[in-house]
Amino acid sequence: MSPTFVISAILTLLAGIGIFLIACSMMSSNLESVSSSKLRSMFAKVSGNKWLGVGIGAVATAAIQSSGATTVMVIGFVNAGIMSLVQAATIIFGANIGTTITGQIVALGMFGSNMISTTVIFSAMAGIGAFIMTFAKKDIVKKVGGILAGFGMLFVGLSMMSNSMESFAELDSVKMFLAGIKNPLLLVLVGAVLTAIIQSSSVMTSVAITMLFVGLITLDQGIYLTMGSNIGSCVVAIIAGMTSGTNAKRTALIHLLFNTGGVVVFLVIGLLLGMIPGRDLDFGSVFGSLFPNAPQTQLAMFHTFFNCLAVLLFLPFTEKLVALVERLVPEHIAEEAEGEKETARLYYVDEHMLSAPPLAVQQVKKEIMNMADIAMRNFSDSLYTMRHPEAMDMDQFRANEDELNFLNKKLTHFLVKLFDQNLSVRDKRYISTAFHTLTDLERVGDYAKNVVEYMDLVKESGSSFSEAAINEIRNLQELLEKLYDATVRAYVKRDLEALEEAKVYEQQMDDMTEAYKLAHVDRLNEDLCDPEIGANYMTFLSNVERVADHYFNVAESITEVLR
């Protein structure tokens, strides 16, 4: 064989792998967008039920075609403190089952030697999907076109890999070299290293199935390469975990221990099979007899069986596995490695959630509501302090103000990155409004600071508020809390009735502050108030009115998303 032939085969293989990876990414991003609401509801149901966690992990991974994305997303949830390690472990177990769907699809595409092959039929979907993406008007239809195009490209890449492997199969030197690699441990190591390099167990499994189909390797070799790919797939999670908090590191370690443990168990089983007297048994002979004349199905079915059995073996010991990683990664060691931590932090979002944009959008809403709660708490405390000057905990107030500034800055950066992801039109609209919402909430915190500074002036002057002014402040606080409650209901549930309720309260606030300004002018004319302090009281009333405006802006932002 000429050097040109060999180079051509290598380049074809690289092209096939590249197209396969792009296809997986295309399918993943578009499937996430189309199924975003279902993914959100699934992850919202994560509870103490282990089987439910496994099911959610399997379905989510099958849907987005990436166990790595699922695992990194779970690390984000754990790092944000909204998922326990036990819950994370069960979802990771399920993700290993869900990822086997790619191997089954690849195996399906290799049938049809005496007719139009399934690979050609499925590859045609790339063209169909491309036409839909080009000419469709609706966003959801474009996403469906993207899914079809990605699915078709999957088989285009597979076909190129298969043609490359057939070329290699003609080279005696390649066949002799591969035939010499029979040690199960070495094959597992090769599978792990190659998967770690390309960062996709799906591609590694697909390459192994293709090599088996064209006769480059035996079924046993393919089985051990596939087992190694399970270990190599942990690299993505390990990288994500090492740059995050303690529990994120523990989650990455759970993934590594589970995948490695499953491989060890099967290596032992393989060893025991070979020790049965009078029977020449190994995994290859077992699955070869179960699925005769279909080598691609034999390896795909082993991959599914391997991951399902590993889950069944480890699931009863989930708590013990979690306890082990908690001992291996103690809290104090992790803290020393991370250095001094920031007192303020994001509670519901994490950079790793960008791997699952629709779920990240859901978490952003929770983070914004947390920020709204802090802002309202500070403003309510400032109003309460006007009636009870000695009740203010200034240390807590300043801490809340610092946290509001921190959240505004960090969430803004997160939203910028999230906006660049593949999102539905509605989610993009939401992110656009979220930038303005953050500004509204940060301004509420600023007005709370203004009120506290005003109170300092009152204290320094030795003045106090009249009974009428105290009643006004109490009424303002009660109305503002009603407006805030309606705002939260409107924003969280996209409730138009709550929006109308908020609109009524906001108008009442305008009327109330205007009436109180006129009443205060009367008190000034009657010398019932200190003129200097009284002038600042007018500013205070304007501040309360503006806070009401900002909260109504937050509530009204849902109309942009719903249009």
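Given the structure is predicted, the values throughout are model-derived calculations rather than measurements. Note: hydrogens, waters and symmetry copies are ignored here, and every other heavy atom, side chains too, is used. For reference, positions follow the sequence shown, starting with 1.
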Side chains of H413 and K409, heavy atoms from C-beta outward: is any pair under 4.5 Å?
yes
In the structure I gave you, are the side-chain heavy atoms of N370 and L407 within less than 4.5 Å of one another anywhere?
yes
To the nearest 0.5 angstrom, please state how far the CG atom of L309 sits from the CD1 atom of I269.
6.0 Å
Where is the tightest heavy-atom contact between I431 and V361, given as atom of each residue plus distance?
CD1-CG2, 4.2 Å
Student check: side-chain heavy atoms of N96 and H255 closer than 4.5 Å:
yes
With side-chain contact (heavy atoms from CB on, under 4.5 Å) as the criterion, how do T304 and Q104 come out once you've worked through the C-alpha distance, each side chain's angles and the decisive distance to 0.1 Å?
CA-CA 8 Å; T304 301; Q104 296 290 353; 2.9 Å; yes
I97 versus N307, closest heavy-atom pair with distance
CG1-O, 4.2 Å
Counting C-beta onward and ignoring hydrogens, is there a side-chain heavy-atom pair between V268 and L272 closer than 4.5 Å?
yes
Using 0.5 Å steps for rounding, measure from the CG atom of N230 to the CG atom of N259.
5.0 Å
For A149 and M133, work out which heavy atoms get closest and say how close.
CB-SD, 4.1 Å
Using a distance-only test with no angle check, is there a side-chain donor-acceptor pair under 3.5 angstrom linking S285 and D282?
yes
I need the L148 CG to I128 CD1 distance, nearest 0.5 Å.
7.0 Å
Closest non-hydrogen contact found for V106 with S206 is CG2-OG, 3.3 Å
Measuring only between side-chain heavy atoms, which start at C-beta, is T102 closer than 4.5 Å to T205?
no
For the backbone of L257 and the side chain of T260, can you confirm whether one donor and one acceptor N or O come within less than 3.5 Å of each other?
no
What do you reckon, are the aromatic ring centroids of F306 and F283 less than 6.0 Å apart?
no
Answer whether the closest heavy-atom distance between the side chains of S201 and T99 falls below 4.5 Å.
yes
Taking all non-hydrogen atoms of both residues, which atom of G270 and which atom of Y224 are closest, and how far apart?
CA-OH, 4.3 Å
If we only count heavy atoms from C-beta on, is the L185 to L267 side-chain gap below 4.5 Å?
yes
Let me have the donor-acceptor pairs involving side chains of residues 312-326, under 3.5 Å, with sequence neighbours excluded, atom names and distances please.
unit_1: T318; atom_1: OG1; unit_2: L315; atom_2: O; d: 2.6
unit_1: E319; atom_1: OE1; unit_2: K50; atom_2: NZ; d: 2.8
unit_1: E319; atom_1: OE2; unit_2: K50; atom_2: NZ; d: 3.2

What's the spacing between I19 CD1 and M160 CE if we round to 0.5 Å?
4.5 Å
To the nearest 0.5 Å, atom CE of M125 lies from atom CE of M153 at 15.0 Å
Once you measure the plane-to-plane angle for F305 and F302, does it fall in the parallel (<30°), tilted (30-60°) or perpendicular (>60°) bin?
tilted
Where do S229 and M204 come nearest, in terms of heavy atoms and distance?
CB-CG, 3.7 Å
Under 3.5 Å, side chain of Q298 to main-chain N/O of F291, donor-acceptor pair present?
yes
Determine yes or no for a side-chain-to-main-chain donor-acceptor pair under 3.5 angstrom, with E367 supplying the side chain and Y348 the backbone.
yes
Side chains of V364 and Y430: does their closest heavy-atom pair fall under 4.5 Å?
yes
To the nearest 0.5 Å, what is the distance between NZ (K249) and CG (L328)?
14.5 Å
